[in-house]
Q: 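My questions all concern the structure below.
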Amino acid sequence: MSEPHADPGPGAGTGAEASPDTTRERLLAEVAALPSLPGVYRYFDAQDQVLYVGKARNLKKRVTSYFQKDHGGTRIGVMVGRIARLETTVVRTEAEALLLENNLIKALNPKFNILFRDDKSYPYLKLVSHPFPRVAYYRGAVDRKHTYFGPYPGAWAVKETILLLQKAFRLRTCEDTVFANRSRPCLLYQIRRCSGPCVGLISPVDYARDVGNAERFLRGDAEEVIGTLQVQMMSYADALEFERAAEVRNQITALSRVLHQQSVEESSLSARDRDVDILAVRVQGGRACVNLAMVRGGRHLGDRAYFPAHVEDAAALSGATALESADTAEPVDAAVSVDQQVLEAFIAQHYLGVAPPPALVLSHAVDVRLLEALAEQTGVRISAQHQPREQRRVWLEMAEKGADIALARLLAEEGSQRERTRALIDALDLAVPDLDAFRIECFDISHTAGESTLASCVVYQNHAMRNNEYRRYNIEGITGGDDYAAMRQVLQRRYAKLAEAQAAPDAPLAGTTVRGQRLPDLVLVDGGRGQVSMAREVFSELGLDLALIVGVEKGEGRKVGLEELVFADGREKVYLGRDSAALMLVAQIRDEAHRFAITGMRARRASVRTGSSRLEDIAGVGPKKRARLLQRFGGVRGVTAASVDELATVDGISHELAEAIYRALH
């Protein structure tokens, strides 16, 4: 790959110093000097902002086509009229051009290119190398040291699979440092989610057998695994080891339930349908959606919607495909649909960062040269089908329906609080099947000079704060001012019972609740690495997913808008940007948690001064009614001296409640 071929010359980057005619003459001279070789070209405006990035098998032919005629007031004409300079890079093959083009699109964010957000952080299920391997959720680059399964369409799919492996094969999930220092089995062993290898409750041979069965299941050999387990169960039964036979039976039940939930009958799948990606695109109202569904090991893992930027501007250039076909044998007027442009942009940008499966099922046909170039870059021979039959047709219809629903929802959410929610989900790379059900719980610690520590928990769901689900926790038994210990205590109290219920043998794979409460999709803690580290310890002990925890760390000078997000699962810190809709939502929730904690502290101090704690103990008298009573009668003594009829004159106090207040105070 060579350096940029065309030298823009001194002052070319500004463009403002030269007249339009002079600029055009200079550009035409540069275009005339271009070689007839594969390469990538970039157009810049007078402010040196990149307008467009494209690739070509023949640079001279392709770039010349933009300048050889008057495009009038079309979108192409507008773009060409803004070009102040150009750069080109000559490469050896079209595959190299594909790679460079999409790397530049991601890096430069050109206005007239369809741009998909970089998604290098796809989640995997990781089987960590160890004498007793552990199963873990993982994001990042894979290596050969460990075994990886995936990628998965989202975090929820990995969590579901890990929970299944815990139920069916009882593989450990604790980190190696915890494993090496256990003297007795943890809660997961007690609830039959782990076989207790840390304290020698299972032999290396038996544990290795469970690991092998889990690997076979993840690779799509579920029926074979179930058959092996059935033979093992009968063997234990014949030997009168009924307890062990019952454990194997439970494994079979868990696996069979999952297979039953799948919409795909695995026995009917051919080998070519074991690993497939299904891509459906929909374009409407200037927005587009590409819905990606994944099948791995014959299991449909779910789907994920992607919404590219710049579709409207890029789609307006769809007529430019006539230009782009100038160096091919296709007719000059062979226009490519916007749907195809979006789909090709997704394939080019997505699969350069994520290894493609050998088969793609597509809603629209794509240029075969794109697949050839992609195969040359990735080393994977890719087949594509856009008019499938049988099971593949079912998959495609599911993906198309998902794209329709996702795009309709996006259009309805634009410019609203929903957009903030979606922005946060996208910024944190979360996969949420139901946006309305997305739940955030945020914690804050407050105290008075190290004394009377109080923790607040606020809830955000259905795109609004859920005031009726707010909770305050009086923190006791810690050193004054120890916010870390306070955070540990409140998280333990908030999630211990939920973790236990979720881990119960008869618990569903998702959606476990305790008294109407369920685990949130995101846990925000107001603090940086210290608070996140404490939350990580608690979640590790409870067997909960570390990816749920996000800390809100104040930026330089503690200025609003400079906050960074800190993750418990090892991801790098993220700065969302001062004007980010995602940061606005995080700040809104964080500030509400802080406000709720502060008002709690003020109420506690007022209670000490006025003796209003007696009012707090009365059922039906909340903060607002208590404040009205104290204001109306000048303090708790006045409330105590008031009659039932006088109490009932206060707004919100019924006669029955007035009687209850009177009885409680006398």
Side-chain angles (χ1 to χ4, degrees), residues 75 102 105 111-119 122 153-154 156-157 263 276-295 300-321 335-351 354 356-357 359-367 370-371 374 384-389 391-416 418-419 421-423 425-426 429-436 438:
R75 201 62 175 165
N102 285 283
I105 288 174
K111 179 177 176 58
F112 290 90
N113 284 95
I114 297 172
L115 175 67
F116 285 88
R117 185 173 58 85
D118 197 356
D119 237 326
Y122 255 85
W156 62 272
S263 62
V276 183
D277 276 358
I278 304 96
L279 294 168
V281 61
R282 287 290 184 269
V283 179
Q284 181 183 350
R287 300 303 300 267
C289 173
V290 173
N291 197 39
L292 166 63
M294 291 182 174
V295 175
H300 196 292
L301 300 179
D303 58 1
R304 182 171 185 175
Y306 295 82
F307 304 96
H310 308 163
V311 172
E312 195 163 15
D313 284 327
L317 294 175
S318 58
T321 51
V336 178
S337 69
V338 177
D339 304 72
Q340 182 178 335
Q341 288 185 71
V342 172
L343 189 56
E344 289 182 347
F346 178 83
I347 291 172
Q349 294 175 37
H350 179 76
Y351 290 115
V354 177
L360 300 178
V361 175
L362 310 174
S363 61
H364 296 74
V366 298
D367 192 332
L370 170 64
L371 300 177
L374 192 63
Q385 186 178 17
H386 74 280
Q387 292 180 331
R389 298 180 179 179
Q391 184 57 59
R392 291 188 173 194
R393 183 64 203 170
V394 174
W395 288 339
L396 182 57
E397 289 174 352
M398 290 169 59
E400 289 174 335
K401 184 176 181 181
D404 288 334
I405 294 172
L407 184 56
R409 182 177 297 170
L410 175 70
L411 293 172
E413 292 167 2
E414 293 286 353
S416 67
R418 287 171 174 250
E419 185 65 10
T421 307
R422 181 177 294 284
I425 289 171
D426 290 344
D429 195 31
L430 303 175
V432 180
D434 186 356
L435 193 67
D436 292 338
F438 181 67

Q: Evaluate D303 against M398 for side-chain contact (heavy atoms from CB on, under 4.5 Å), listing each step before the verdict.
A: CA-CA 9 Å; D303 58 1; M398 290 169 59; over 6 Å; no
Q: Which pair of heavy atoms, one from L279 and one from L343, lies closest together, and at what distance?
A: CB-CD1, 3.8 Å
Q: Any sub-3.5 Å donor-acceptor pair from N291's side-chain atoms to A280's backbone N or O?
A: no
Q: Once rounded to the nearest 0.5 Å, what's the spacing between atom CD of E344 and atom CG of L371?
A: 8.5 Å
Q: Kindly give the heavy-atom pair with the smallest separation between Y351 and P357, and that separation in Å.
A: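 The pair with the smallest heavy-atom distance is CE2-CD, 4.0 Å.
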Q: Look up atom CD in E419 and atom CG in L410, then write down how far apart they are to the nearest 0.5 Å.
A: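 Going from the CD atom of E419 to the CG atom of L410 covers 6.5 Å.
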Q: Mark yes when over 12 heavy atoms from residues, nucleotides or ligands other than E397 sit less than 6.0 Å from its CD; otherwise mark no.
A: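 It does: E397 CD has more than 12 such atoms within range.
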Q: Ring pair (Phe, Tyr, Trp, His ring centres under 6.0 Å) with F346: which residues, sequence neighbours excluded?
A: F116, Y306, H350
Q: For the CZ atom of R304 and the CG atom of L292, what is their distance to the nearest 0.5 Å?
A: 8.5 Å
Q: Which atoms form the tightest heavy-atom contact between P388 and H386, and what is the distance?
A: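 So the minimum-distance heavy-atom pair works out to CD-C, 3.4 Å.
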Q: Taking salt bridge (charged side-chain N to carboxylate O under 4.0 Å, His left out) as the test, write out the residues that go with D426, two or more places apart.
A: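 For D426 there are no salt bridge (charged side-chain N to carboxylate O under 4.0 Å, His left out) partners, ignoring immediate neighbours.
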Q: Start with the C-alpha gap between R287 and L407, add the side-chain angles, then the distance that decides, and say whether side-chain contact (heavy atoms from CB on, under 4.5 Å) holds.
A: CA-CA 8 Å; R287 300 303 300 267; L407 184 56; 4.0 Å; yes
Q: Which heavy atom in A359 sits nearest to a heavy atom in R392, and how many Å separate them?
A: CB-NH2, 3.7 Å
Q: Does H310 reach the main-chain N or O of N113 with its side chain, forming a donor-acceptor pair under 3.5 Å?
A: yes
Q: From the options R282, Q284, R409, select the one residue that forms a side-chain hydrogen bond (donor to acceptor under 3.5 Å, both in side chains) with D404.
A: R282
Q: Identify the two heavy atoms, one from A305 and one from C289, that lie closest to each other, and give their separation to 0.1 Å.
A: CB-SG, 3.8 Å
Q: Testing L396, D277, I347 one by one against L362 for a side-chain contact (heavy atoms from CB on, under 4.5 Å), which residue passes?
A: I347
Q: Going from CD on Q385 to CZ on R393, what distance comes out if it is rounded to the nearest 0.5 angstrom?
A: 10.0 Å
Q: So, for V281 and D339, which heavy atoms are closest and what is the spacing to 0.1 Å?
A: CG1-O, 3.6 Å
Q: Rounded to the nearest 0.5 Å, how far apart are CG of L435 and CG of L430?
A: 11.0 Å
